[in-house]
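Let me begin by presenting the structure, written as structure tokens, before commenting on it.
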Amino acid sequence: MVMLAPYAALMLFCGFIPLLVSIREVANPSWINLEGSYTTLFRILKDFRVVPDLKHALFLLAVFVPFTMVAVLAVSLLLDSTPVRGNTLMRLIFILPGIASGGISIMVWMFFLGRHITWDGGNVQWLIAGIAFSSGAGSWIVIQYGSLRSIPHEVIEAARVDGCNRLQLALQIKIPMIARYIGYMAILLTAGAIQIYAEPALLTGWGLTSNWWSLNQVAYSYAFQTADFAGGTALSLDMLLPSVIIGIIFVVRTDFLKRDSYQ
Amino acid sequence: MMRNYEKRNAVLIKLTLWALTILVFLPFLWLLKEAGPNYLVSIKYLSLDQNGIVMVWLKNSAFFTLAALFISVLSSITAGFVLAILKVPLRRFMLFVTLITMLIPITAMAMPLYVLIDKIHLNDNIWGLIIASSYYPFGTFLSYLYFVSALAGDLVGMGRIDGLGDWGLYWHLGIPLSKALWSIVIFFSFLSLWNSYQLPKVLLNDPAHSTLPMGLELLYGNSTAIVGVLMMLPIILLYLLSQRSIERGIFSGAVKG
């Protein structure tokens with residue numbers, strides 16, 4: 001138990017207690033619920049900004065999440081399938097957009113593509129999805145490539161002897177064997193799409209988005225611009241719900257939290 | 001015939017990967033060009049610009065990142081090992097809270113964290129930010145997944161027969177067999193701390209206490225590109241250092257097959 005103490009203390013102080021404080025905070029009086037109660041969780045959804053922002057989140061869930069998952073898996077599988085000279089350099093270059101800070105990513109995208117495309121309210125969601133994809137995909141490629149490299153060589157050889165080609169190997173052997181990590185990626189990408197903040201916030205500085213393009217920006221504006229922390233927290237907890245549901249389905253339907261009994 | 005088909009596919013895969021690589025790299029070539037041909041002169045100029053405030057942000061970022069990195073990596077990997085291998089009370093609960101706190105928006109956590117940090121009188125203090133940023137559930141989950149799937153049960157059982165206690169198991173089995181995991185957790189923790197933006201913005205007020213990503217939004221034009229390049233260098237260096245481990249497989253353990 002001593003080994004777990006530093007993490008448990010950090011989890012308590014920086015995770016669990018703030019989470020409880022947030023849940024309790026929702027019941028405090030808010031600009032949208034002056035008497036204060038947990039109905040704020042529902043009332044906040046009537047804010048005029050929520051519906052358009054929900055549409056943006058749904059767009060990201062429909063475009064950014066599946067595209068990132070497919071692209072990450074495709075590139076990781078390609079990297080793993082054939083020995084390529086410069087493999088290390090390739091992964092370094094794929095991760096470059098992710099290691100650049102948000103401000104730099106925006107600048108690169110704006111100057112590199114901005115000259116050829118006019119971004120406005122109608123198409124800026126594609127720019128945001130593109131920036132989010134380029135910032136996140138490289139890191140996931142590193143993780144998924146690593147998980148693919150851990151598949152025992154004997155398993156791959158046995159499948160090859162049985163006549164599997166590269167595609168069959170990928171679909172029937174490799175993907176099922178790293179399913180747990182793919183699920184982990186799905187949960188975090190879903191949460192990332194619903195809670196997107198940095199990309200639209202930075203684009204506000206370029207005059208391309210309002211300061212309430214995403215749900216997280218609205219929550220932030222409640223909490224830190226109108227000093228209505230109850231409202232901001234209520235919206236944050238509403239945003240958490242879909243990710244938690246997906247997380248619970250994932251935990252229940254896979255062996256995510258199970259382990260062998262060998263202690 | 002089959003061999004030719006395989007060879008042709010391999011060439012196609014290589015060409016596809018190189019085409020993608022070039023596509024991703026092109027914007028960064030532009031960034032390097034934009035940062036100016038003479039980086040050293042530019043950086044020297046930048047260090048003097050605005051009374052050297054950029055260098056103050058750089059020092060703040062370096063100190064904050066290294067201190068929080070030390071705490072977050074040690075605590076998260078050890079926790080991942082314990083939760084995967086040892087019998088501990090509330091194990092599933094801790095894993096679930098780890099997962100939930102990883103998913104909760106920073107907006108919901110920032111204000112309670114601000115209040116808690118203020119209560120221990122570390123508001124607008126780099127140590128407050130270090131404490132608030134040292135909780136690293138992503139690393140704990142990655143470590144948990146590694147140890148639960150790659151550290152073979154027989155090996156742990158044999159360690160127990162040889163008289164190893166909990167610390168012994170971690171010291172003699174957990175750490176030596178997870179070098180690749182350490183590399184990857186260090187890399188991703190460093191990446192997230194070095195680029196951390198939202199939490200420092202909430203917890204730090206004085207511009208002299210700012211970190212580089214916060215300061216970046218105050219700079220415009222050529223300076224932004226130079227600071228951008230400057231910020232990427234330590235991450236690239238760390239990535240190259242961790243490559244050998246990543247190449248071997250993040251999750252590869254002691255026993256295969």
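Letters A, B, ... mirror the listed sequences (proteins, then strands); counts begin at 1. Only heavy atoms go into these numbers, but all of them, side chains included; no hydrogens, no water, no symmetry mates.
In this structure, Thr21(B) has no side-chain hydrogen bond (donor to acceptor under 3.5 Å, both in side chains) partners at least two apart in sequence or on a different chain. Shown here are the side-chain hydrogen bond (donor to acceptor under 3.5 Å, both in side chains) partners of Asp238(A), two or more places apart in sequence or in another chain: there are none.
For chain B, the nearby parts of Phe13(A) are the backbone and the side chain; heavy atoms of each come within less than 4.5 Å. Interface residue Ser236(A): backbone and side-chain heavy atoms are both found under 4.5 Å from chain B. Of the atoms belonging to Ala8(A), heavy atoms from both backbone and side chain fall under 4.5 Å from chain B. Interface remark: Met239(A) contributes side-chain atoms only to the contact with chain B (heavy atom separation under 4.5 Å). Of the atoms belonging to Leu20(A), not a single heavy atom falls under 4.5 Å from chain B. Of the two parts of Leu20(B), the backbone and the side chain both hold a non-hydrogen atom closer than 4.5 Å to a non-hydrogen atom of chain A. For Ile194(A), no part lies under 4.5 angstrom from a heavy atom of chain B. Heavy atoms closer than 4.5 Å to chain B are found in the side chain of Ile95(A), but not in its backbone. Heavy atoms of Leu199(B) lying under 4.5 Å from chain A are absent altogether. Residue contact with chain A, scored on non-hydrogen atoms closer than 4.5 Å, involves the backbone and the side chain of Trp18(B) alike. Heavy atoms of Phe229(A) lying under 4.5 Å from chain B belong exclusively to its side chain. For Leu90(B), no part lies near chain A; criterion is any non-hydrogen pair under 4.5 Å. Ser81(A) touches chain B through its side chain: at least one heavy atom from C-beta onward sits under 4.5 Å away, while N, CA, C and O do not.
Atom-to-atom distance recorded for Thr78(B):OG1 and Leu4(A):CG is 9.0 Å, nearest 0.5 angstrom. How far CG of Leu17(B) is from CZ of Arg91(A): 11.0 Å, rounded to the nearest 0.5 Å.
Glu25(A) contributes no side-chain N or O that, together with a main-chain N or O of Pro112(B), makes up a donor-acceptor pair within less than 3.5 Å.
Heavy atoms of other residues, nucleotides or ligands lying less than 6.0 angstrom from CH2 of Trp171(B) number 12 at most.
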Stepwise side chain to side chain contact (heavy atoms under 4.5 Å, CB included) test for Thr140(B) and Met11(A):
CA-CA 11 Å; Thr140(B) 305; Met11(A) 187 173 83; over 6 Å; no
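Met109(B) and Leu19(A) make their closest contact through SD-N, 4.1 Å (heavy atoms, listed as atom of the first residue, atom of the second, distance).
Phe93(B) and Phe16(A) have their aromatic ring centers within a separation under 6.0 angstrom.
The aromatic rings of Trp140(A) and Phe138(B) sit perpendicular to each other, their planes meeting at more than 60°, with 30° as the lower class boundary.
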